[in-house]
Number of protein chains: 4
Amino acid sequence: MAKEIVFRAEKRHAGTELKDMIFKAAQKLFVEKGYHSTSIPDIVKEAGVSTGAIYHHYSSKEELAREIHKTAVQQFLANFNEQVRTQKSTYAKIRAYTSLMFRWTEQDPVMVQYLLYGRPKEILVRNLTVCSEEGLQATREMVEQGMEAGEIKTMNPCLASAIISGTLMRMIELRLDGLIEHPLEEFIEAAANNIWLALKA
Amino acid sequence: MAKEIVFRAEKRHAGTELKDMIFKAAQKLFVEKGYHSTSIPDIVKEAGVSTGAIYHHYSSKEELAREIHKTAVQQFLANFNEQVRTQKSTYAKIRAYTSLMFRWTEQDPVMVQYLLYGRPKEILVRNLTVCSEEGLQATREMVEQGMEAGEIKTMNPCLASAIISGTLMRMIELRLDGLIEHPLEEFIEAAANNIWLALKA
Amino acid sequence: MAKEIVFRAEKRHAGTELKDMIFKAAQKLFVEKGYHSTSIPDIVKEAGVSTGAIYHHYSSKEELAREIHKTAVQQFLANFNEQVRTQKSTYAKIRAYTSLMFRWTEQDPVMVQYLLYGRPKEILVRNLTVCSEEGLQATREMVEQGMEAGEIKTMNPCLASAIISGTLMRMIELRLDGLIEHPLEEFIEAAANNIWLALKA
Amino acid sequence: MAKEIVFRAEKRHAGTELKDMIFKAAQKLFVEKGYHSTSIPDIVKEAGVSTGAIYHHYSSKEELAREIHKTAVQQFLANFNEQVRTQKSTYAKIRAYTSLMFRWTEQDPVMVQYLLYGRPKEILVRNLTVCSEEGLQATREMVEQGMEAGEIKTMNPCLASAIISGTLMRMIELRLDGLIEHPLEEFIEAAANNIWLALKA
DNA sequence: CATGAATGAGTCTTCATTCAT
DNA sequence: CATGAATGAAGACTCATTCAT
């Protein structure tokens, strides 16, 4: 329980410090104020770089947003593969998934917020959060394997996925909004167990 | 089961047809393209009214968005009070809640979408969807009464609420995104039952 | 000295109270905030009438301004003819002119302000205040008669007029701006006498 | 008398040519058409720059107007200090003041017009022309020193100031309005002398 | 006569993006 | 690589004016 869990956050393009400063400043502002309310001048100020520098590293504001999104997704998937997929039983997977998301939220709320709210509705063509798209795939796969193995009862996979990801996302949302005051780590056990009650064969 | 359920959508200020046309056009566009990507000229075109008419009825684009939001919330609460609160047992309430939201989604997806995604993050100060704020209150109350009555097991109320509203919201989201192809009505029974498994004493 | 001096301010179009309310509200606002910063809605609020009423009585905002201007000029000329022109000696005329303007300022600052600042530069084609145009004529005539009579020394009539009207206007301006705290009546004697020193033969 | 008098008009921020072009175009238009009747597109056309350029150099139309005003005041004060304050006798000062204003009017009527009419009534909070505020201070000081030195008779200083500045302003006004057809330089001698008659001890 | 909802041209301003230095 | 002045299309909003009731 005391072993350190490291959340993957690979360095982007080593050597380009400026690019990283821009990335972080933009990520912070996009989450804080939203994509449209964040102007290039805002990022310029926050990152302490010049306008030109931004366009040197990203072809447009949109690409910058997409890049941040992509990074969030990649981190999510890497973490999921490493910590969730590797589990044997479905229950263990659900517990690991819960643990992953709750811990990550406490550790890097900005990134998780981007994953949840960064719904690039007005940016990207498709209208899905990470948790709807890549996260959905991952959750669905987990559910279907669980059913095949007879660990999860026969039910509509979408419903099963919705119970898992819906509950987790909602808890995170409540925590980020300040409506839950305790660290989410305290709820890992209970959340996973109750979700399991709804699904188990 | 066959009795017609009418969703409350009271007419605003009879006689002000234009106001209503503006309201509906804006609501549609805000959901479709998002608040910031919807310009006043867009609304003008969609509603077939003049720029001035919009500002005659709403003091600003923001107030227009707020008004739409408020209406959505009011309808939600009215429906909730009428259809859910009146139920006796907690299970019946959860079932009624599920039924309400799933049917409503099929009947007026635009309004429900506004309730879910209309998260006026960049508009209002607080960052909560209806389902986080008013909806949260409603769900929480339901949960706490259920616990007092011994129908729901003792657990963190936030978690219990998250299981209920998270699952419902996620199902609706998947449906609105086209990832669930069947009408949500088909899932009322199953969703309510499985949520109940996670909560019952 | 105690006899009541009445400043002419004939009623406009007896019977149309509304027109008068509009006139007064507009006059007040034009002086307070300037022509361009006063909107029709502003006048509607101040006068407590409807938009339509304004356009019923005046064909446009500009005409309203012109009407106010015209009225101010007419009052000025009527007062001038009655109180100044009737004087015998040039000194008496200057004294009467000074008295007229200073007393009027104390009695109806709004009207006088309109006369001075109401420079309808952006409204009318010509760029002259009352005091430049009609007032100029009046002053000039006074000056030229004084010269012919040998009371005023031979000098450029424009310069003579400028000394008279310039001094008076400046005093009024300082008073209206609050830089002179005593009523202008106290300065009638001194102002007239000193102006006279600059002009007398 | 034939020595060239140079009116101070220091260059602003060398290297920012555009800023200067904007400044001059706006100054011209504000004088010609008034602040409110001059639109940003008007300035864009007149200056031959882009909209953005204006906002790159000035934060708003209002700030632009204020900047022009400030510059006019600064030039006025610099000229006043250099040419008027340095004179020994009060008569010499009045003569120098007259000379300064009349010559300046002929040389840079736009700037002087801004000083006189640029009354930023609807822009600034206070309602005073340069000649009412900074100019007033300057004139008043001159008058009070003259009285202390026994050169000007004892009288209300406001009245004395009004005689001086009122006469000058009025002459300039008449000249700018085309009612005086000769260059004001021809009137320096006479104006100063007659003003002096009204004030001398 | 009076009303005030409706109009739409025009206003100031912002901001993503480019490019000469 | 980096800068930031310059661009201009597009945005939200205002307001004088009209007209059906």
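By convention in this document, chain letters (A, B, ...) are assigned in the order of the sequence lines, proteins followed by strands, and residues within each chain are numbered from 1.
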| task | Decide, yes or no, whether a salt bridge links D/Arg66 with D/Glu63 under the criterion of side-chain N to carboxylate O below 4.0 Å. | result | no

| request: Measure the distance from CD1 on C/Ile43 to P on F/dA16 and round it to the nearest whole Å. | output: 8 Å

| message | Taking the P atom in each of F/dT21 and E/dC1, what is the distance between them to the nearest angstrom? | response | 23 Å

| request: Nearest whole angstrom, please: distance from the P of F/dC15 to the CD of C/Glu62. | output: 17 Å

| note | Residue pair A/Gly52/D/Lys61 against DNA chain E: nearer the 5' end by closest nucleotide is D/Lys61

| field | d(NE2, C/His56; C1', E/dG4) in whole Å | value | 15 Å

| D/Leu18 side chain: which of E/dA16, E/dT7, F/dT7 is closest? | F/dT7

| task | Any strand is fair game: report the nucleotide pairing with F/dA10 by Watson-Crick or G-U wobble, both distances under 3.5 Å, or none. | result | E/dT13

| remark: 5'-most contact on DNA chain E (nearest-nucleotide basis), B/Ser50 vs C/Gly48, goes to C/Gly48

| query | After noting the C-alpha distance and the side-chain angles of D/Tyr35 and D/Leu29, does the key distance pass the side chain to side chain contact (heavy atoms under 4.5 Å, CB included) rule? | reply | CA-CA 8 Å; D/Tyr35 175 77; D/Leu29 293 174; over 6 Å; no

| query | What does A/Ser59 touch in the nucleic acid at a heavy-atom separation under 4.0 angstrom: a base, only the sugar-phosphate, or nothing? | reply | nothing

| task | Identify the heavy atoms of D/Ser50 and D/Val44 that sit nearest to each other, and give their distance. | result | C-CG2, 4.1 Å

| request: Provide the closest heavy-atom pair for C/Thr38 versus C/Lys61 in the form atom of the first, atom of the second, distance. | output: O-NZ, 2.7 Å

| task | State, with a plain yes or no, whether a side-chain heavy atom of A/Asp42 is found less than 4.5 Å away from one of A/Glu46. | result | no

| request: Mind checking D/Ile40 for me? I need base, sugar-phosphate or nothing, with any heavy atom below 4.0 Å counting as a touch. | output: base

| query | Contact class for A/Thr51 (heavy atom, under 4.0 Å): base, sugar-phosphate, or nothing? | reply | base

| request: Report the distance from atom NE2 of C/His36 to atom C1' of E/dG10, rounded to the nearest whole Å. | output: 13 Å

| request: Name the closest nucleotide to the B/Ser60 side chain, picking from F/dC13, F/dA12, F/dT7. | output: F/dC13

| request: Check the distance between E/dT18's P and A/Tyr55's OH and give it to me in whole angstrom. | output: 7 Å

| Mate of E/dC1 where both pairing distances stay under 3.5 Å, Watson-Crick or G-U | none

| Mind checking who E/dA6 pairs with, Watson-Crick or G-U wobble, both distances under 3.5 Å? | F/dT17

| request: Let me know, please, whether A/Val49 or B/Pro41 comes out on the 5' side of the other along DNA chain F by nearest nucleotide. | output: A/Val49

| message | On DNA chain F, compare the nucleotides closest to B/Asp42 and D/Ala53; which residue's is nearer the 5' end? | response | D/Ala53

| note | D/Tyr58 OH to F/dA5 C1', in whole Å, measures 14 Å

| For atom NE2 of A/His57 and atom P of F/dC1, their distance in whole Å | 7 Å

| note | Rounded to whole Å, the CD1-C1' distance (B/Ile22 to F/dA12) equals 15 Å

| message | Taking the side chain as everything from C-beta on, heavy atoms only, tell me whether B/Gln74 gets closer than 4.5 Å to B/Lys70. | response | yes

